[in-house]
Amino acid sequence: MPVDMTRARFEELVSESLDLIPAELAKAMDNVVVLVEDRDLEDPTLLGLYHGIALTERLSSYGGVLPDRISIYREPILAMCDTEEDVVEEVAITVVHEIAHHFGIDDDRLHELGWG
């Protein structure tokens with residue numbers, strides 16, 4: 001049975017997960033915003049998605065663009081979890097996974113590192 005959690009509490013968990021990012025990495029994040037959304041309309045099972053140009057792919061001509069977006073999808077995360085502790089863990093994994101994409105780390109490498 002999915003976990004019942006308010007949007008405010010879920011957003012708090014996302015914020016707490018962002019606080020887990022080491023300070024030197026957080027400082028290196030550039031032109032990116034993290035958003036909580038209910039679900040991805042194209043793939044309602046997605047837990048998170050990075051929309052943007054990874055730091056490793058930005059050229060000297062990069063500039064004047066809207067911020068990259070990291071979307072954390074509330075409904076599929078709550079649907080796959082049985083307890084609030086499961087949600088805490090899954091939110092942290094999803095946030096780290098999507099931030100890693102911002103730094104240019106692909107899914108294969110994330111799976112190797114245990115953040116798949």
Side-chain angles (χ1 to χ4, degrees):
M1 178 152 198
V3 174
D4 184 29
M5 179 180 289
T6 66
R7 183 177 188 91
R9 174 66 178 137
F10 190 88
E11 289 174 351
E12 184 179 288
L13 294 178
V14 171
S15 179
E16 290 171 2
S17 295
L18 289 168
D19 290 343
L20 298 174
I21 304 300
E24 55 276 0
L25 288 180
K27 285 182 193 176
M29 291 176 65
D30 182 47
N31 201 31
V32 62
V33 62
V34 179
L35 305 169
V36 171
E37 299 180 51
D38 287 335
R39 78 192 75 69
D40 181 78
L41 297 177
E42 293 179 22
D43 184 353
T45 64
L46 271 180
L47 305 181
L49 187 63
Y50 172 72
H51 315 262
I53 301 170
L55 293 176
T56 56
E57 296 176 15
R58 294 180 184 178
L59 304 173
S60 60
S61 60
Y62 179 86
V65 298
L66 292 174
D68 293 358
R69 290 179 307 138
I70 293 175
S71 298
I72 306 299
Y73 298 117
R74 180 177 169 270
E75 290 177 2
I77 290 176
L78 294 178
M80 71 178 289
C81 295
D82 295 321
T83 66
E84 182 164 332
E85 292 78 24
D86 292 343
V87 176
V88 170
E89 182 177 343
E90 194 55 53
V91 166
I93 290 169
T94 303
V95 167
V96 168
H97 182 103
E98 300 309 329
I99 287 173
H101 287 317
H102 177 66
F103 284 100
I105 302 171
D106 66 18
D107 281 330
D108 290 338
R109 182 66 178 137
L110 283 167
H111 284 280
E112 289 173 13
L113 295 170
W115 293 98

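Residues Val33 and Met29 do not share a hydrophobic cluster, defined by chaining ILVMFWY side chains whose heavy atoms lie under 4.5 Å apart. Follow the hydrophobic side-chain contacts under 4.5 Å out from Ile93 and you reach Val3 in the same cluster. Leu46 and Val36 are assigned to two separate hydrophobic clusters, defined by single-linkage of ILVMFWY side chains at heavy-atom distances under 4.5 Å. When hydrophobic clusters are built by joining Ile, Leu, Val, Met, Phe, Trp and Tyr residues whose side-chain heavy atoms come closer than 4.5 Å, directly or via intermediates, Met80 is grouped together with Val87. Side-chain heavy atoms closer than 4.5 Å link hydrophobic residues (I, L, V, M, F, W, Y) into clusters, and following such links, possibly through other members, connects Phe10 to Val88.
In the displayed structure, Asp4 atom CG is contacted under 6.0 Å by at most 12 heavy atoms of other residues, nucleotides or ligands. For Glu16, the CD atom is densely surrounded, since the number of other residues' heavy atoms within 6.0 Å is greater than 12. Heavy-atom neighbours of Glu42 CD from other residues, nucleotides or ligands within 6.0 Å: at or below the threshold of 12. Other residues, nucleotides and ligands contribute only 12 or fewer heavy atoms inside 6.0 Å of the CG atom of Leu66.
Atoms CD and OH, on Glu37 and Tyr73 in that order, are 5.0 Å from each other to the nearest 0.5 Å. In this structure, Ile77 CD1 and Asp86 CG are separated by 12.0 Å, a value rounded to the nearest 0.5 Å. Taking CD from Glu98 and CG from Leu47, the interatomic distance works out to 8.5 Å, rounded to the nearest 0.5 Å. One distance of note links CG of Leu78 with CZ of Arg39; it measures 11.5 Å at 0.5 Å rounding. The CD1 atom of Ile21 sits 4.0 Å away from atom CD1 of Ile99, with the distance rounded to the nearest 0.5 Å. Annotation: the span from Arg9 atom CZ to Glu12 atom CD amounts to 4.5 Å, rounded to 0.5 Å.
Without hydrogens or angle criteria, Arg74 side chain to Met5 main chain gives a donor-acceptor distance under 3.5 Å. Between the side chain of His102 and the backbone N or O of Asp30, at least one donor-acceptor pair lies under 3.5 Å. Using a distance-only test at 3.5 Å, with no hydrogens or angles considered, a donor-acceptor pair links the side chain of Ser17 to the main chain of Leu13. Remark: side-chain polar atoms of Arg58 are paired, donor with acceptor, to backbone N or O of Ile53 under 3.5 angstrom.
Inter-residue side-chain proximity for Asp107 and His101 is flagged as met; some heavy-atom pair is nearer than 4.5 Å. Side-chain contact between Ser71 and His51 is present, with at least one heavy-atom pair separated by less than 4.5 Å. For the pair Asn31/Pro67, a side-chain contact is recorded, criterion being any heavy-atom separation below 4.5 Å from C-beta on.
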(Q) Pair Ile72, Glu11 - check side chain to side chain contact (heavy atoms under 4.5 Å, CB included), show working. (A) CA-CA 9 Å; Ile72 306 299; Glu11 289 174 351; over 6 Å; no

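Smallest separation of non-hydrogen atoms from Ala79 and Pro2: CA-CB, 3.7 Å.
A salt bridge does not link Glu24 to Lys27: none of the charged side-chain nitrogens sits closer than 4.0 Å to a carboxylate oxygen.
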